[in-house]
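Keep in mind that what you see is a predicted model, and the values were worked out from it rather than measured.
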Amino acid sequence: MLYIIGLGLGDERDITMRGLEAVKSCEKVYMEAYTSLLSFGLDSHGLSNLEKLYGKSITLADREMVEEKAHHILEEARHSHVAFLVVGDPFGATTHTDLVVRAKKMGIHVQIVHNASVLNAIGICGLQLYRYGQTVSIPFFTDSWRPDSFYEKIHSNRTMGLHTLCLLDIRVKEPTLESLARFGLVWFGLVWFGLLNFFLLVLFIVDAFFFFRGRKTYEPPRYMTINTAIEQLLEVVQEHQQPAYTEDTQCVGFARLGSDDQTIVAGTMRQLQMVDFGAPLHCLVITGNTHPLEEEMLEFYRCRT
């Protein structure tokens, strides 16, 4: 049996009673640790609080484990009860859908336990959930990679007068450029030596194995802020003749949504760029046409600077 259990958005106390009962019944418990975070992040003290409440040892499952080694988790679920804990709701990320599909194809029974997600918790600002259009993700720009596929979706939403939820990039356990470069050299060598001599190819593979063993290095974790997201959004819009938004467009910024110290500020893009929203996670809503009741609610969060 594979349980995929939503943890909600705040801390260890946000799990549902049904979810807690499921965790306690499992022999093995994994916690997905890269598409989102609880309020304590990956802090060992916070993880210890989870283990104390749940009465179980928890194994952190990073991107590499979930996307490349999921078969180990699924093999365990063939013969025992396994819990896979997800911040928010289990179906807030496509990776979890993929895990369900693979489990069902293997004949493993899957039980889902839902919980609060950013997709419904944003309702706290007063913008009505049925007035949202397509959700978009804003990735970190680099010197050589500046994708803007999200722009057309924002433009479409605003044309229809709909709000847009922007989910901001999270980079956890991303390989360094040096690691990727070494990996590329290995594959070049495999092809080159393979063409020359099969025996040399075998020697090269063995040598590469020992060279890379224990040498994988990763970038420090990065979490996009609302300030960075707006900076990138304004950079992208300059490349379009009919802008979908400007620095005077009304938005709502959220930080640590669902936690005791959550921050919610409504204002223009220009105003929100000047706000210190504090620790992650952040998300941003670009407002569409607003109802008078929505406006009345937004006033409680309005930026006064």
Determine whether [X] and [Y] make a side-chain contact, defined as any pair of heavy atoms from C-beta on separated by less than 4.5 Å.
X	Y	answer
Tyr3	Ser25	yes
Asn157	Gln134	yes
Thr16	Glu21	no
Val252	Leu284	no
Leu257	Thr263	no
Met65	Glu32	no
Val113	Ile4	no
Thr59	Met31	no

Pair [X] + [Y]: basic N to acidic O under 4.0 Å:
X	Y	answer
Lys69	Glu75	no
Asp148	Lys153	no
Lys52	Glu12	no
Glu299	Arg302	yes

Quiz item: Under the side-chain contact (heavy atoms from CB on, under 4.5 Å) criterion, do Leu119 and Thr135 qualify, and how do the steps go?
Solution: CA-CA 9 Å; Leu119 297 174; Thr135 298; 4.2 Å; yes

Out of curiosity, [X] [atom1] to [Y] [atom2], how far, rounded to the nearest 0.5 Å?
X	Y	atom1	atom2	result
Leu127	Tyr132	CG	OH	4.5 Å
Ser117	Leu9	OG	CG	6.5 Å
His81	His109	NE2	NE2	9.0 Å
Ile230	Arg270	CD1	CZ	11.5 Å
Arg18	Ile112	CZ	CD1	9.5 Å
Ile5	Leu20	CD1	CG	9.0 Å

Quiz prompt | Tyr223/Leu168 under side-chain contact (heavy atoms from CB on, under 4.5 Å): CA gap, chis, key distance, verdict | solution = CA-CA 8 Å; Tyr223 308 99; Leu168 309 188; over 6 Å; no

Same apolar cluster: [X] and [Y], side chain cutoff 4.5 Å:
X	Y	answer
Val265	Ile138	yes
Leu167	Ile124	yes
Met17	Ile15	no
Tyr30	Met106	yes
Leu129	Val285	yes

Residue pair [X] / [Y], side-chain donor-acceptor N/O under 3.5 Å:
X	Y	answer
Asp248	Thr268	no
His163	Gln128	no
Glu295	Thr290	yes
Thr225	Thr228	yes
Thr164	Arg158	no

Which atoms form the tightest heavy-atom contact between [X] and [Y], and what is the distance?
X	Y	result
Gly126	Met297	CA-CG, 3.3 Å
Met269	Cys251	CG-SG, 3.5 Å
Ala70	Leu99	CB-CD1, 3.9 Å
Ile226	Gly253	CD1-CA, 3.5 Å
Ala279	Ala255	O-CB, 4.2 Å
Pro90	Gly6	CG-N, 3.6 Å

Any sub-3.5 Å donor-acceptor pair from [X]'s side-chain atoms to [Y]'s backbone N or O?
X	Y	result
Asp89	Asn115	yes
Arg256	Phe277	yes
Thr287	Gln250	yes
Gln232	Phe141	yes
Tyr151	Ala244	yes
Tyr245	Leu233	yes
Arg222	Asp169	no
Ser80	Glu76	yes
His291	Leu293	yes

Practice problem: Step by step, work out the ring-ring contact (aromatic ring centres under 6.0 Å, His included) result for Phe91 and His96. | Solution: CA-CA 6 Å; Phe91 292 114; His96 312 137; 8.1 Å; no

Practice problem: Kindly determine whether Val118 and Ile122 satisfy side-chain contact (heavy atoms from CB on, under 4.5 Å), including the steps that lead there. | Solution: CA-CA 6 Å; Val118 64; Ile122 53 173; 4.0 Å; yes

Self-check item: side-chain hydrogen bond (donor to acceptor under 3.5 Å, both in side chains) partners of Arg146, counting only residues at least two apart
Solution: Glu235

Quiz prompt | Those residues that, when tested against Glu296, pass salt bridge (charged side-chain N to carboxylate O under 4.0 Å, His left out) (two or more places apart) | solution = none

Practice problem: Carefully, step by step, assess Asn289 and Arg131 under the rule side-chain contact (heavy atoms from CB on, under 4.5 Å). | Solution: CA-CA 9 Å; Asn289 298 338; Arg131 295 173 62 86; 4.1 Å; yes

Practice problem: Kindly say whether the aromatic ring centers of His282 and Phe254 come within a distance under 6.0 Å. | Solution: no

